[in-house]
2 protein chains.
Amino acid sequence: MKSLVEEISKFPFFKGLPDEQLGELARICIEQDYEKGREIFSEGEAAKGFYLVVSGKIKVYKLSLEGKEQILHIFDSGEMAGEVPVFAGGNYPANARAIEAVRVLFFPRVSFMELLNRTPSIAVSLLAVLSQRLRFFTHMIEDLSLKEVPGRLAAHLIYLGARSRHGNTLELDITKTQLASLLGTIPETLSRILARMAQQGIITVQGKKIRVLDREALEALAAGGKGLI
Amino acid sequence: MKSLVEEISKFPFFKGLPDEQLGELARICIEQDYEKGREIFSEGEAAKGFYLVVSGKIKVYKLSLEGKEQILHIFDSGEMAGEVPVFAGGNYPANARAIEAVRVLFFPRVSFMELLNRTPSIAVSLLAVLSQRLRFFTHMIEDLSLKEVPGRLAAHLIYLGARSRHGNTLELDITKTQLASLLGTIPETLSRILARMAQQGIITVQGKKIRVLDREALEALAAGGKGLI
DNA sequence: AAGAATCCTTGACTTGTATCAAAAATTCCG
DNA sequence: CGGAATTTTTGATACAAGTCAAGGATTCTT
């Protein structure tokens, strides 16, 4: 039980809460493991609760009728998934699947809402989490509708570069097919654009490793300049 | 002062709060009027607070470098705008402008957060609001990336039809240029597609009035079927 | 009501990207 | 390790939608 409290206290939205409340959270949550490829919840399903990712990765995605997949978000450890219907009511608005072995903490809706009503100060930090996700989606909508694929890719590479600082070499932790879906395109197109950027000396690609050679060119592309021939 | 409390109590997220808290809200908010076309806040600006729309309409939008505009949302009376940076910190992530004469209640960030910490039960209902907006954006991302323009238009017409029930005739309350931007396209394309749908007997267009003749065809389009010739 | 400004429509053209197909390269697992 | 499954790349083709341009229709303003 003690380690669970420690685990929970590491999550940004529960950080700084008094031990008593951490204990309450620990009491209502359930540890679960999903192996790679396992479905965690699916669109339209009645929401039973939400998930905190302890380790591993979850993709949240939508499917078109023809089966085309648009990834909305990839949740890494420390992030919260499936919380929308818990607060807004209704069903899960998308599907979630483990893209690698995943350990999560599951918070059942009913007991969490009960706790929330008893200790509403938790809600204030959750507001920040939801607001950040809203901001992320705002960017995503902008990218999908305003920029062409090279621009979206450039923006994403810059975003990745800002997170993990290993010189200017960055390692994708998802497949290129998944990256394509995240960018709202298809693997073929992504492959062609990566090749084009490499040929122009902007980047270098070796498997999942991408090295940025010309950051300025990348930034020009991300800013919307139609530059890639 | 009394009328302000009444005003506030009508907003879904403050409905059901005790009079005492409504009074506190009334005390910290400021009534403001914006004439049509006036800028309310702009992207990157430090967030001073958020807005509740009392009457009129606000568009929240992003601009590309070339000046192309993507409308993220049109806020009608009863809705809340600009709250993301209030809870998540930082700046406004988009621009906001009155598309008709607008009356708003402005809640300054600092005093609102102070109130929120004193009476955190308000936060619980705000969680629902943010979650609903997240769900809306989830749909929007799906539409933008998974469907072609006719599908997006069809989905939007169905959505409008569900809201205002005037037979099967519905009246746009925004310009077609704005609708185009909301759908992630340009006026020329929207015009062509409306004409095509009219020619196929699915709808009839007269100015801002659109009459739905063949709801099934519309639903087929919205569902993603590539049907429009 | 007249003029100005905006919005809407239509046409010809260009282009980015999806599709289909099939080979090459990785990764996965027994 | 070695074969299977997946992922990635490349090519040829098709088409949806954006761009540019210009005329027509509204709507706004004085």
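Reminder, nothing fancy here: chain letters follow the sequence lines and each chain counts from 1.
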I need the [atom1]-[atom2] distance between [X] and [N], as an integer number of Å.
X	N	atom1	atom2	value
B:Glu148	C:dA18	CD	P	10 Å
A:Gln199	D:dT9	CD	P	15 Å
B:Gln206	C:dC8	CD	P	16 Å
B:Ile210	C:dC8	CD1	P	11 Å
A:Glu188	C:dA24	CD	C1'	14 Å
A:Leu183	C:dT17	CG	P	11 Å
B:Ile99	D:dC28	CD1	C1'	16 Å
A:Lys176	D:dT7	NZ	P	13 Å

Which word best sums up how the rings of [X] and [Y] line up, parallel for under 30°, tilted for 30 to 60°, or perpendicular for over 60°?
X	Y	answer
A:Tyr34	A:Tyr51	perpendicular
A:His156	A:Tyr159	tilted
A:Phe87	A:Phe50	tilted

Next item on the list: Locate the shortest heavy-atom distance separating A:Lys209 from A:Thr169; write the atom from each residue and the value.
Entry: CD-CG2, 4.2 Å
Notebook entry, point to check: Can you tell which of A:Arg97, A:Gln178, A:His73 makes a side chain to side chain donor-acceptor pair (under 3.5 Å) with A:Tyr61?
Noted result: A:Arg97
Note to self: With nearest nucleotide decided by heavy atoms, which residue, A:Arg192 or B:Leu194, maps closer to the 5′ end of DNA chain C?
What the structure shows: B:Leu194
Notebook entry, point to check: Closer to the 5' end of DNA chain C via nearest nucleotide, is it B:Thr175 or A:Lys208?
Noted result: B:Thr175
Check: Under 4.0 Å between a Lys/Arg side-chain N and an Asp/Glu carboxylate O for B:Lys36 and B:Glu100?
Finding: no
Next item on the list: Have a look at A:Gly184 and say if it touches a base, only the backbone sugar-phosphate, or nothing, with a 4.0 Å heavy-atom cut-off.
Entry: sugar-phosphate
Next item on the list: Sticking with atom P, work out how far D:dT29 lies from C:dC8, rounded to a whole angstrom.
Entry: 16 Å
Next item on the list: Enumerate, in order of first residue number, the stems that involve DNA chain C, defined as 3 or more consecutive Watson-Crick or G-U wobble pairs with both distances under 3.5 Å.
Entry: C:1-6 with D:25-30, C:9-30 with D:1-22
Note to self: Could you check whether any side-chain heavy atom of A:Glu83 comes within less than 4.5 Å of a side-chain heavy atom of A:Val129, counting everything from C-beta outward?
What the structure shows: no
Item checked: D:dT6 OP1/OP2 closer than 4.0 Å to side-chain N/O of A:Thr177 -> no
Checklist line | Short side-chain N/O contact from B:Thr189 to OP1 or OP2 of D:dA17, under 4.0 Å | finding: no
Note to self: Can you tell me which nucleotide in D:dT10, C:dC28, D:dT8 comes closest to the side chain of A:Lys36?
What the structure shows: C:dC28
